[in-house]
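Just below is one structure, and these are the notes that go with it.
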Amino acid sequence: MARSSRTTTEVNAGSMADIAFLLLIFFLVTTTIASDKGIYVQLPPKKEDQEEVKLNQRNVFNILINSKDQLLVEDEPMDLPELKEAVKEFVTNNGEDPKSSESPDKAVVSLKADRGTSYETYIAILDDLKLAYNELRAESLGITLEQYLNLDGKENEEDKDMLDRARDAFPYQVSDAEPTDINKVLNQ
């Protein structure tokens with residue numbers, strides 16, 4: 001028996017690296033990478049630029065959140081669903097109750113969280129504060145909350161005027177204090 005000689009076929013892989021590189025470039029260029037948007041917060045000016053503001057304690061609505069996500073509002077425990085109405089009542093007091101704000105433009109909501117506070121609770125409280133102010137602004141314009149939220153101040157001059165009036169009537173003044181370990185402070 002004679003052996004037949006087989007020829008081995010080779011695959012030319014010289015251009016495989018080029019193809020892989022082109023595919024990599026294609027996917028890098030066409031892929032969109034989702035980025036976290038975060039929360040829009042206007043930061044205060046630098047410390048040396050700040051002037052000390054004296055506030056009447058009557059005009060400050062204090063909210064503390066501990067590491068167990070419990071609220072202490074004006075030194076009283078409160079559940080999250082009650083917070084929005086309490087803020088609205090405080091802001092719209094207009095000097096009637098001596099323990100609440102003198103007027104909406106002087107009312108300041110002070111929010112202080114513990115370092116152990118969950119993000120979910122913190123964001124829920126910020127959402128409730130924003131909702132309270134949006135509801136007050138909508139009521140001041142005599143429209144529904146949905147109509148207020150749909151106002152377009154960039155395209156429509158009439159809407160811009162309405163938004164400016166509402167913001168002047170109820171300025172969003174929320175002081176977000178630096179987080180501390182509130183549980184340690186309370187236990188001293």
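Here the structure is a predicted model, which means the values were calculated and not measured. The residues of the chain are indexed from 1 along the displayed sequence. Scope of the values below: all heavy atoms of this structure, side chains included, with no hydrogens, waters or symmetry mates.
Between Asp168 and Asp105, the closest side-chain pair of non-hydrogen atoms is not below 4.5 Å. In this structure the side chain of Glu74 never reaches within 4.5 angstrom of the side chain of Ile63, judged on heavy atoms. Looking only at side-chain heavy atoms (C-beta outward), Glu135 and Lys84 come within less than 4.5 Å of each other. The shortest side-chain heavy-atom distance between Asp75 and Leu64 does not fall under the 4.5 Å cut-off. In this structure the side chain of Asn150 never reaches within 4.5 angstrom of the side chain of Asp159, judged on heavy atoms. Side chains of Leu151 and Ile143 form a contact here, defined as non-hydrogen atoms less than 4.5 Å apart.
Minimum interatomic distance between Ile65 and Thr117 (heavy atoms only, all atoms of both residues): O-OG1, 3.3 Å. Taking each heavy atom of Ser67 and Asp114 in turn, the nearest pair found is CB-OD1, 3.3 Å.
Not a single donor-acceptor pair under 3.5 Å links the side chain of Asn156 to the backbone N or O of Asp152. Remark: the backbone N or O of Pro81 is not paired with any side-chain donor or acceptor of Asp79 at under 3.5 angstrom. Side-chain atoms of Arg58 do not come within 3.5 Å of backbone N or O of Lys99 as any donor-acceptor pair. The backbone N or O of Gln147 lies less than 3.5 Å from a partner atom in the side chain of Thr144, making a donor-acceptor pair.
Among pairs with a residue in residues 6-35, none fulfils ring-ring contact (aromatic ring centres under 6.0 Å, His included), at least two apart in sequence or across chains. Every pair passing ring-ring contact (aromatic ring centres under 6.0 Å, His included) that includes a residue from residues 116-147 is listed here, sequence neighbours excluded: Tyr133-Tyr172.
For the side-chain hydrogen bond (donor to acceptor under 3.5 Å, both in side chains) test, no residue two or more places apart in sequence or in another chain qualifies with Asn62. Under the side-chain hydrogen bond (donor to acceptor under 3.5 Å, both in side chains) criterion, Asn134 pairs with no residue at all, not counting sequence neighbours. Taking Phe170 as the reference, nothing meets the ring-ring contact (aromatic ring centres under 6.0 Å, His included) condition, with sequence neighbours excluded. Residues satisfying the salt bridge (charged side-chain N to carboxylate O under 4.0 Å, His left out) test with Arg167, not counting sequence neighbours, are none.
Looking at Glu157 and Lys160, no side-chain N of the basic residue comes within less than 4.0 Å of a carboxylate O on the acidic one, giving no salt bridge.
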Before giving the answer on side-chain hydrogen bond (donor to acceptor under 3.5 Å, both in side chains), spell out for Ser101 and Asn93 the whole-Å C-alpha distance, their side-chain angles and the decisive distance to 0.1 Å. CA-CA 6 Å; Ser101 73; Asn93 180 52; 5.0 Å; no
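No side-chain donor-acceptor contact under 3.5 Å links Asn94 and Ser103.
Within a 6.0 Å radius of NZ in Lys106, no more than 12 heavy atoms belonging to other residues, nucleotides or ligands are found. Remark: Glu89 CD is loosely packed, at most 12 non-hydrogen atoms of other residues, nucleotides or ligands lying under 6.0 Å away.
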